Engineer: 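This is the structure I have questions about; it appears just below.
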Amino acid sequence: PCAPCVPCPGAGWACRAVLADGHQRTVRRVAWSPCGHYLASASFDGTTCVWKRHEHGFEVVATLEGHENEVKSVAWAPSGTLLATCSRDKSVWVWEDDEEQEFECVSVLSAHSQDVKHVVWHPSQELLASASYDDTVRLYREDEDDWVCCATLEGHTSTVWAVAWERSGQRLVSCSDDRTLRVWQRSEPGEAMSLSPGAGSEPSWQCVCTLSGYHGRSIYDVAWCHLTGAVATACGDDAVRVFEEVAPAAPGCPEQPQQHFGGFSPVFPIFSPFPTLHCSASVRSTSVEAEPSLRNSPSVSFSRHMSRMARAVLPVSFRE
Amino acid sequence: ADLFDGIVMAEQRFHGEGYQEGFAEGSHAGMAEGRRYGALHGARIGSEIGSYLGFALTWRCLLQKCTDEKNSKRIRALDSLIGMVQKFPYNDPTYDKLQEDLEKIRGKFKQVCSMLNIQSDFRIETERSSLTF
């Protein structure tokens, strides 16, 4: 048991409220509503509380029950009327706020086969992403009065801890226990070469970039800045890393690969040494890999069929 | 030569016969066990889905007269659950979406319980889960 926290004088922050009666177990995540008047808290006691901000504090306006065990994450949709929660019970619940601040369960989605760690909404649409212990990221949307899982992003080889959307919502990045970051790109049906031609009318998602070798341990969280486009990661090796997309190199640069790809390279590695990539690009059947010259060096790989889109969308080249 | 064949190959022959007998008996026992397991498992699923149907029909009946907005949403959800259960293929254990549809039905049931403020978990929760982040 630790001593009660004493606020630091002159630190610039004041503790306005301590909401100690809402939950019976660990509070795992909090989220502000888009309007800023509400706060949602997800707890290991299986409930999610929605607090309303008043002049003199916060008051519980709703307690969302239904999950069978620990709630791991809660997120507000950009519209402010939808809330998503996920739990160790492998399900994702979508709740809707009617005008009286009564939250009603709109859907119970059991698409994952294991503990769901994180849920996050698309920045502008009512599209939900979830990350799970089952190594996948799943996307959900509303379809005729009910919610369905509209995409499964497979590729990670271990638990996906978190997911972050790019500002445009065309890409998202996932971080995993497998120490890699993966960037996924949306492609509309009929556009580009789809891996599964019978995909029909649903947009498909492909992994366009995998960043491996940069992190020494599991990556627990990732954030994609909507202002600068930088991607930051939180890692079990005690370092914070920031990645940025590489700007186009000058023409005539030696060893420039034939095709141009979107590339992410570390900008401010906090731990030494700065990894150097001596790369040569080779085209294989479905992927283009930049092979590092040293075995244990970081590597970046791309999906070939996405390279053309990447060229149109991200006119960048691979920097040595 | 034929005379001695019977004696010389006796062990091998008995071995083979024994194997055939054992295999036949094992297959038979396996079939019986499989049938029992199938019946048990089928009954379990039937019982689960049957309980959802009974539950949904009862509530549908109870809420029939209610016409306000909140209850109309509940009625829509109940109708959806009833529809899903009635569409479930009872006669085809090889239906490829069996588990998926079953999960959807369970999810819809949980949603309905949440809307009606009813506890959907009828078991007694005895295990205390360990902390995992």
Side-chain angles (χ1 to χ4, degrees), chain A residues 25-26 28-29 42-48 62-73 85 87-96 98-100 102-118 133 140 144-149 159 161-162 177 218 220-221 236, chain B residues 45 48-49 52 55-56 59-60 63 66-88 96-133:
Chain A
R25 289 187 68 193
T26 296
R28 182 64 181 85
R29 197 175 299 265
S43 167
F44 280 8
D45 66 7
T47 69
T48 303
T63 303
L64 312 180
E65 294 174 330
H67 278 299
E68 289 167 26
N69 42 47
E70 296 91 21
V71 187
K72 299 293 175 91
S73 184
T85 57
S87 162
R88 185 166 69 80
D89 68 7
K90 309 172 195 173
S91 64
V92 170
W93 290 48
V94 181
W95 307 81
E96 185 166 39
D98 62 23
E99 287 80 60
E100 303 114 52
E102 294 268 320
F103 284 83
E104 191 175 66
C105 175
V106 162
S107 189
V108 172
L109 298 149
S110 301
H112 280 295
S113 57
Q114 296 289 352
D115 188 355
V116 190
K117 301 290 188 186
H118 191 64
Y133 183 78
Y140 312 86
E144 280 175 26
D145 218 32
D146 214 348
W147 284 74
V148 293
C149 171
T159 303
W161 282 106
D177 220 39
S218 302
Y220 291 106
D221 204 2
Chain B
I45 293 179
E48 184 185 351
I49 298 192
Y52 295 154
F55 168 89
W59 273 97
R60 186 69 184 76
L63 294 178
C66 303
T67 47
D68 58 325
E69 174 64 37
K70 196 179 181 90
N71 279 309
S72 73
K73 277 192 197 165
R74 291 169 169 180
I75 288 169
R76 247 208 324 272
L78 282 165
D79 281 340
S80 174
L81 178 58
I82 291 166
M84 286 164 91
V85 171
Q86 287 173 337
K87 265 209 313 272
F88 192 77
D96 58 350
K97 290 220 172 92
L98 195 107
Q99 281 307 321
E100 207 176 294
D101 283 5
L102 202 50
E103 280 302 332
K104 287 201 179 124
I105 289 173
R106 286 175 182 146
K108 184 56 75 176
F109 171 71
K110 285 186 189 147
Q111 183 203 339
V112 167
C113 285
S114 176
M115 289 169 108
L116 297 170
N117 283 316
I118 297 169
Q119 278 271 54
S120 67
D121 189 4
F122 303 132
R123 295 180 314 231
I124 299 164
E125 196 65 56
T126 47
E127 62 152 79
R128 197 95 181 108
S129 50
S130 58
L131 214 65
T132 57
F133 284 90

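First the proteins, then the strands, lettered A, B, ... as listed; each starts at 1. Model, not experiment: these values are computed from the prediction.
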Engineer: May I ask you to check whether over 12 heavy atoms, not counting those of A:Tyr133, lie within 6.0 Å of atom OH?
Structural biologist: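 At most 12 heavy atoms, drawn from other residues, nucleotides or ligands, come within 6.0 Å of this atom.
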Engineer: In terms of heavy-atom proximity below 4.5 Å to chain A, should B:Arg106 be classed as side chain, backbone, both, or neither?
Structural biologist: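 Contact with chain A involves no heavy atom of B:Arg106 at all.
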Engineer: Chain B: which of A:Ala111, A:Ser91, A:Ser107 shares the most heavy-atom pairs with it under 4.5 Å?
Structural biologist: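 Max contact count across the listed options: A:Ser107.
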Engineer: Please round to the nearest 0.5 Å and tell me the distance separating atom OG of B:Ser114 and atom NE2 of A:His67.
Structural biologist: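 Separation between the atoms: 9.5 Å.
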Engineer: Using a cut-off of under 4.5 Å for heavy-atom pairs, which of A:Asp145, A:Asp98, A:Leu109 has the most such pairs with chain B?
Structural biologist: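 Heavy-atom pairs under 4.5 Å are most numerous for A:Asp145.
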Engineer: As a quick check of understanding, evaluate side chain to side chain contact (heavy atoms under 4.5 Å, CB included) for B:Lys110 and A:Trp93, giving each step before the final call.
Structural biologist: CA-CA 10 Å; B:Lys110 285 186 189 147; A:Trp93 290 48; 4.0 Å; yes
Engineer: With distance as the sole test, does B:Glu103 use its side chain to make a donor-acceptor pair with the main-chain N or O of A:Ser110 at under 3.5 Å?
Structural biologist: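 Such a contact is absent between B:Glu103 side chain and A:Ser110 backbone.
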Engineer: Of the listed residues (B:Arg76, B:Glu100, B:Glu69), which shares the most heavy-atom pairs with chain A below a 4.5 Å separation?
Structural biologist: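 Winner by heavy-atom pair count: B:Arg76.
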Engineer: Counting N and O atoms only, with roles assigned by atom type, does the side chain of B:Gln111 sit under 3.5 Å from a partner on the main chain of A:Val106, one being a donor and the other an acceptor?
Structural biologist: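 A pair under 3.5 Å: yes.
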Engineer: Within the 4.5 Å heavy-atom criterion, are B:Lys70 and A:Glu102 side-chain neighbours or not?
Structural biologist: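 Yes, side chains in contact.
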Engineer: Can you tell which part of B:Lys104 gets under 4.5 Å to a heavy atom of chain A, answering side chain, backbone, both or neither?
Structural biologist: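 Contact with chain A: none, neither part.
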Engineer: Would you call B:Lys108 and A:Asp146 a salt bridge, using N to O less than 4.0 angstrom?
Structural biologist: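 Yes, charged N to carboxylate O under 4.0 Å.
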